[in-house]
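Naming convention: chains lettered A, B, ... in sequence-line order (proteins, then strands); numbering from 1 in each chain. Since we're looking at a predicted model, the values are computed, not measured.
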Amino acid sequence: MTPFTYSCPKTIEEAIVAAESGPDVRFIGGGTNLIDLMKMGVEHPRRIIDLNKLPLKMIEEHNGGLRIGALVSNTDAANHPLVRSRYPVLSQAILAGATQQLRNKATMGGNLLQRTRCYYFYDPSFEECNKRRPGSGCAAIKGYNRIHAILGASDQCIAVQPSDMCVALLALDAVVQVDGPPRSIPMRDFHRLPGSTPQIDTNLQPGQLITAIDLPPIPYGRRSVYIKVRDRNSFAFALVSVATVLDTRPDGVIRKAHIALGGVAMKPWRATKAEQLLAGKKPDENTLRAAAGAELQPAKGYRDNAFKIELAKRCIIRSVQSALRAG
Amino acid sequence: MENIIGEPLDRIDGRLKVTGRAVYAYEHKIPNAATAVLVTSTIAKGRIASIDSKAAGRVPGVLLVLTWENAIKLNNPLNTAAPGHERSPARAITALQDNLVRYANEPIVVVVAESFESAEQAASLVEVRYTPEPHHVNLESRLSEAYTPKKAGGGGDPAVSKRGDMNAGMSQADLRLEQTYSTPFEVHNPMEPHATIAVWDAPDRLTLYDATQGIFSDRGRVASLFGLKPENVRVISPYLGGGFGSKGPVWSHVALAAMAAKKLNRPVKLAVKRPQMFGMLGLRSQTRQTLRIAARRDGTITALGNDTWSHTSSFDEFVEASSLCARMLYQSPNNSTAQRLVVSDIGTPSYMRAPGEAPGTYALEAAMDEMAYALKMDPLEFRLKNYAETDPEENKPWSSKSLSDCYRMGAERFGWRRRPLEPRSMRDGNTLIGWGMATSVYPTRRSVSNASARLNADGTFSVDAGTQDLGTGTYTIMTQVAAQSFGVEPQQVKFRLGDTEFPQTPVSGGSQTAASTGSAVHLAAQALREKLIQMAVSDPASPLSGVSAQDVVLEAGRLYARGNPSKSETFQQLLARQRLPYLEAKADARPGEEKNQYSMYAFGAQFAEVRVDADFGQIRVSRMTGCFGAGKILNAKTARSQFMGGMIWGIGMALYEHAAMDARLGRFVNNNLAEYQSRQISTSGTSKQSGWMKKMTTSTRSAPRASAKLVSPVQPQPSRTPSFTPPANASATFPLLSTSCLHKVPEPGILLPAPRLFALSSATEWLKLTFARYPSARFSTARLRSSAATSCFGSESRPFRS
């Protein structure tokens with residue numbers, strides 16, 4: 001681990017000013033990912049700015065929805081009565097991730113920035129990783145790629161974004177509030193696909209600070225479900241996950257579907273094609289299969305992960321069926 | 001004297017462990033200790049062209065960068081043997097002795113600094129350049145290059161064995177099955193990483209605080225490497241956070257810690273980091289096992305064979321002896337088993353959690369299930385039909401075998417008779433339910449062991465034996481044995497272990513500690529008791545003077561004459577009058593004739609229910625029942641933990657564990673505990689019941705009695721009332737794991753261990769067969785894959801196989 005200096009500002013302004021000192025600065029919230037990456041030698045910050053004294057730990061009603069402070073712990077967000085009653089899919093997604101100990105420590109803002117679990121990224125003794133060392137190549141494309149992307153990957157990088165929370169936030173059309181200067185970034189624009197710049201995970205600019213996550217009012221938010229398929233049902237990342245929220249008519253016709261996939265791309269993947277195909281329809285088996293098939297049509301499997309394509313389709317089908325029974 | 005042995009005494013080290021006061025190897029406070037960090041190779045084969053440590057050396061606090069160029073030369077680290085001589089059982093280590101890279105993650109540089117942080121930072125700055133050479137890590141593609149080793153496994157069994165006529169046996173059958181099973185690389189991953197603190201007390205005297213399963217073998221190997229007298233090396237290892245076989249041998253890091261300490265002339269501590277644990281500390285080789293079973297229509301096996309291929313390294317030999325259990329587990333008149341090795345550019349495979357048996361019983365029991373299916377026979381019936389009443393390979397009686405009782409009791413408690421024969425016939429909505437069972441087997445071993453017992457003038461009683469406690473409960477069971485054999489309460493016993501200053505004991509591996517060192521502790525405590533009584537009855541000044549030795553009882557720190565409590569004195573009074581600071585007895589326990597007369601194994605039966613999501617292929621184990629005939633139980637609680645641990649590891653091995661090799665790089669990629677998944681407590685459910693049953697009197701053959709020459713017996717326990725209640729409705733109590741143990745009639749003279757038991761649930765295998773047409777089933781059952789290119793000939797068609 002490279003030595004670093006540490007500061008603990010008490011105001012957002014101080015934190016933003018402190019972050020202007022250069023590229024080797026990192027904010028730290030729970031540290032559940034950053035410290036790990038520092039120990040592994042992936043991250044080498046020279047200055048650590050601890051955000052835990054900032055007044056960003058509130059969950060409050062906001063414009064008919066909810067505003068969740070960036071420093072709210074995953075555990076507190078998942079267990080908050082308003083989250084549980086209005087946005088159960090977010091609660092389910094958070095609780096499906098990591099372990100109780102990690103969720104107690106991890107923050108909502110930090111989880112947005114969780115880095116990929118790609119083996120070749122996580123261990124710097126692997127020479128090839130375009131995300132870690134731009135231009136060095138992608139070992140995963142040629143190597144062991146069971147946990148890798150099937151959608152939105154490039155010939156530069158096939159890593160996946162591992163957060164469960166982000167999948168639910170995308171399905172809920174959440175908006176990320178940042179400061180330095182103040183700006184709102186919709187979830188769908190927050191993460192980036194690798195393209196030719198896999199080293200950049202998000203559209204957050206250097207020095208910008210996440211202050212809150214806003215959830216819009218969704219009257220049908222209870223009609224939702226988070227499904228996560230993984231090898232082990234605790235402390236394991238998703239092979240494929242789906243967050244689904246449905247607005248349905250009394251006759252069972254879907255007015256609007258929100259479907260987001262996890263474990264398939266470098267960003268939580270909004271299944272817009274499937275959503276379009278389901279809107280205004282009764283979701284029978286054939287309709288669901290067609291919608292799921294259309295969404296996964298551009299999917300590309302690699303040597304070890306091609307199973308995810310069929311699995312993702314089945315997850316979409318199951319999630320819609322389950323969401324119809326929920327709420 | 002009430003029976004202490006067998007009681008479910010709480011772990012005497014439990015409080016220390018949960019409060020963080022048990023001191024593990026790396027935690028010993030050694031003044032002035034410097035910290036070492038390893039740098040490991042990132043290629044699988046080649047040479048080190050150059051090592052640039054200039055930047056590392058500039059890090060404040062760095063004391064030493066040790067490479068092959070400045071390393072101390074060790075004596076025969078590769079453990080080569082002169083022609084015609086056998087290698088010692090020690091593992092070959094490379095320890096910076098040359099510039100060759102033999103496998104990925106091989107230690108090639110040691111950085112030592114004043115602090116861990118400095119050492120870590122400096123290690124990250126060391127620049128190594130290689131001249132790589134082509135490497136080979138594939139098993140399947142190189143089977144034709146395999147060779148046949150001389151021996152298989154630690155027991156010295158031959159690598160190839162044939163009895164009867166395999167071809168004749170195959171041709172006599174109505175049904176023949178040939179199926180290939182494979183298991184992946186697995187890594188031990190004990191919670192406590194390997195760690196060593198090396199302290200040179202003098203130029204020729206070394207103390208090691210080492211996380212080791214064998215302090216004496218550790219001492220011998222390190223003494224040999226550094227040219228020291230073994231008695232000048234002291235190894236201290238009071239607590240271990242697991243080992244699973246990986247802490248049995250001495251690996252490079254132990255020698256490197258001692259080497260760095262020698263170079264710096266100050267103590268050095270070194271811990272292996274988690275990602276570094278994948279390769280240099282032994283691992284379980286992949287196996288490819290081709291099983292052949294031939295059977296008559298009535299279920300009689302006429303031929304049984306297992307041909308196993310596994311890896312060894314380019315610089316040492318280890319055999320994952322998966323075929324051995326196919327030699328002895330079933331009555332098969334015609335039998336053929338062979339082990340073959342493929343030389344690969346990997347760290348040497350080594351003993352891991354039932355080496356041989358764990359992958360071997362998986363393949364054998366899966367093949368048995370497939371044959372039972374082909375026969376349209378209940379899998380348990382098929383096993384009973386071919387039950388081996390004596391060891392068919394050795395042609396010897398079993399020392400004990402209650403497997404048929406285990407089968408019956410387990411089946412009863414699990415509700416096995418309600419199992420339909422037809423696959424895919426039980427479901428709960430979208431969840432398919434599978435019931436499976438498999439047989440557990442593990443050899444019963446013991447080795448020479450020593451112990452000493454001492455009664456001090458203040459009346460306290462202490463017992464010492466070198467040995468180790470991996471976390472299995474050795475402290476506790478030895479305390480119980482000592483207490484009962486001497487005649488005091490467990491609270492009055494001070495049992496010490498984990499120091500080569502104590503009497504010599506064997507490695508804690510192969511499930512032999514309870515039997516080996518338990519017997520030594522028993523004999524030492526008993527000898528001390530006899531010595532004490534003899535002293536009292538022959539002392540004219542004692543109230544017990546003249547009383548017959550057999551009539552003296554020890555209770556509550558006093559000696560009494562039986563039936564005459566007024567004739568009594570305390571231990572202190574006796575020792576004070578004799579002017580003795582203490583009274584001591586030593587004993588050794590050795591394997592006796594039993595090994596020649598009997599074939600010795602522990603057996604068990606495990607039953608599992610698994611639930612498989614029909615769309616996703618996700619497998620969940622909803623309940624398991626295990627019944628074990630494990631010999632004399634020394635502590636019902638710790639033994640039960642061992643059974644549970646074995647079952648939980650079995651689930652982990654079946655469903656999760658897989659060290660993923662990137663063959664292109666020759667490296668394991670999932671080198672952390674998030675990506676290398678093993679079974680967790682949070683996914684293990686809870687144990688709802690555990691029954692301790694006395695030996696069932698029907699149908700088991702009586703235990704052998706012809707062992708009078710063995711070391712003194714521990715008294716058999718009186719019968720006790722079974723304390724379990726059979727589940728009223730097992731299906732209503734998910735999730736659960738339950739174990740029960742048949743209390744065997746104790747073997748005279750042998751403290752049979754409570755062995756770790758490893759059996760893989762065949763339920764997942766059974767479901768895998770039923771799921772052969774489900775593409776999504778593949779990702780969850782990939783661990784238990786059988787080759788697609790299999791053949792099952794005979795008259796039966798196999799409609800479920802796509």
Side-chain angles (χ1 to χ4, degrees), chain A residues 1-4 36 38-42 44 98-102 117-128 139-147 162 227-237 239-240 303-319 321-322, chain B residues 39-43 59-60 104-105 116-121 123-125 128 273-276 430 613-620 651-652 655-658 660-665 667-675 677-684 774-780 782-783:
Chain A
M1 201 188 275
T2 311
F4 56 86
D36 214 13
M38 288 165 69
K39 284 184 179 175
M40 290 301 297
V42 178
H44 300 272
T99 62
Q100 183 70 61
Q101 293 91 331
L102 285 167
R117 296 296 309 189
C118 173
Y119 321 112
Y120 305 96
F121 169 78
Y122 225 83
D123 183 343
S125 70
F126 289 111
E127 282 192 12
E128 294 172 294
I141 289 175
K142 294 166 275 187
Y144 185 71
N145 44 36
R146 182 167 179 270
I147 62 174
I227 285 179
K228 178 175 179 179
V229 178
R230 46 184 161 168
D231 291 320
R232 180 175 68 183
N233 62 352
S234 169
F235 193 43
F237 294 93
L239 293 167
V240 174
R303 194 191 66 192
D304 305 304
N305 72 347
F307 71 89
K308 281 188 177 185
I309 299 173
E310 174 63 20
L311 181 60
K313 292 180 196 171
R314 295 181 187 194
C315 285
I316 291 173
I317 296 169
R318 173 82 65 86
S319 75
Q321 289 169 338
S322 301
Chain B
V39 176
T40 59
S41 63
T42 57
I43 64 166
V59 172
N105 215 3
F116 174 72
E117 290 77 9
S118 298
E120 270 285 296
Q121 189 195 356
S124 73
L125 297 173
V128 182
K273 293 191 287 185
R274 183 66 59 183
Q276 296 174 338
N430 211 30
D613 186 300
D615 293 330
F616 301 156
Q618 273 181 304
I619 301 174
R620 299 290 175 251
I651 295 170
L655 298 182
Y656 308 123
E657 286 192 74
H658 174 205
M661 169 71 83
D662 182 336
R664 191 176 63 97
L665 303 173
R667 296 179 59 178
F668 292 113
V669 296
N670 57 342
N671 55 8
N672 59 67
L673 290 182
E675 312 299 341
Q677 299 185 2
S678 57
R679 190 78 171 157
Q680 289 189 305
I681 289 299
S682 58
T683 56
S684 292
Y774 264 73
S776 69
R778 193 158 52 89
F779 58 85
S780 275
R783 284 287 293 80

Gap separating the CD atom of B:Glu657 from the CG atom of A:Asp231, nearest 0.5 angstrom: 12.5 Å
Contacting moiety of A:Tyr120, where chain B heavy atoms sit under 4.5 Å: side chain
Minimum-distance pair of heavy atoms, taken over all atoms of A:Phe126 and B:Phe668: CZ-O, 4.0 Å
Test: A:Arg146 and B:Glu675 ion pair at under 4.0 Å: no
Heavy-atom contact with chain B under 4.5 Å, split by part of A:Ala98: neither
Carboxylate-amine/guanidinium proximity below 4.0 Å for B:Asp613 and A:Arg318: yes
CA sep, side-chain torsions, deciding dist, call: B:Asn672, A:Arg117, side-chain contact (heavy atoms from CB on, under 4.5 Å): CA-CA 11 Å; B:Asn672 59 67; A:Arg117 296 296 309 189; 3.6 Å; yes
Point-to-point distance, once rounded to the nearest 0.5 Å, from CE of A:Met1 to CD of B:Glu117: 8.0 Å
Best-contacting candidate, B:Thr42, B:Val669, B:Leu665, B:Asp662, against chain A by heavy atom pairs under 4.5 angstrom: B:Val669
Gap between atom CZ of B:Arg620 and atom CZ of A:Arg232 - 0.5 Å precision: 10.5 Å
A:Arg314 (side chain) donor-acceptor with B:Asp615 (main chain) under 3.5 angstrom: yes
Chain B contact via A:Lys39 - side chain, backbone, both or neither, heavy atoms under 4.5 Å: backbone
Intermediate values then yes/no, side chain to side chain donor-acceptor pair (under 3.5 Å), B:Arg667 and A:Ser125: CA-CA 11 Å; B:Arg667 296 179 59 178; A:Ser125 70; 2.5 Å; yes
Shortest non-hydrogen separation from A:Tyr144 to B:Ala660 and the atoms involved: CE2-CB, 3.4 Å
A:Gln100 atom CD, neighbour heavy-atom count above 12 within 6.0 Å: yes
Engaged part of A:Ile227 at the chain B interface, taking heavy atoms whose separation is under 4.5 Å: side chain
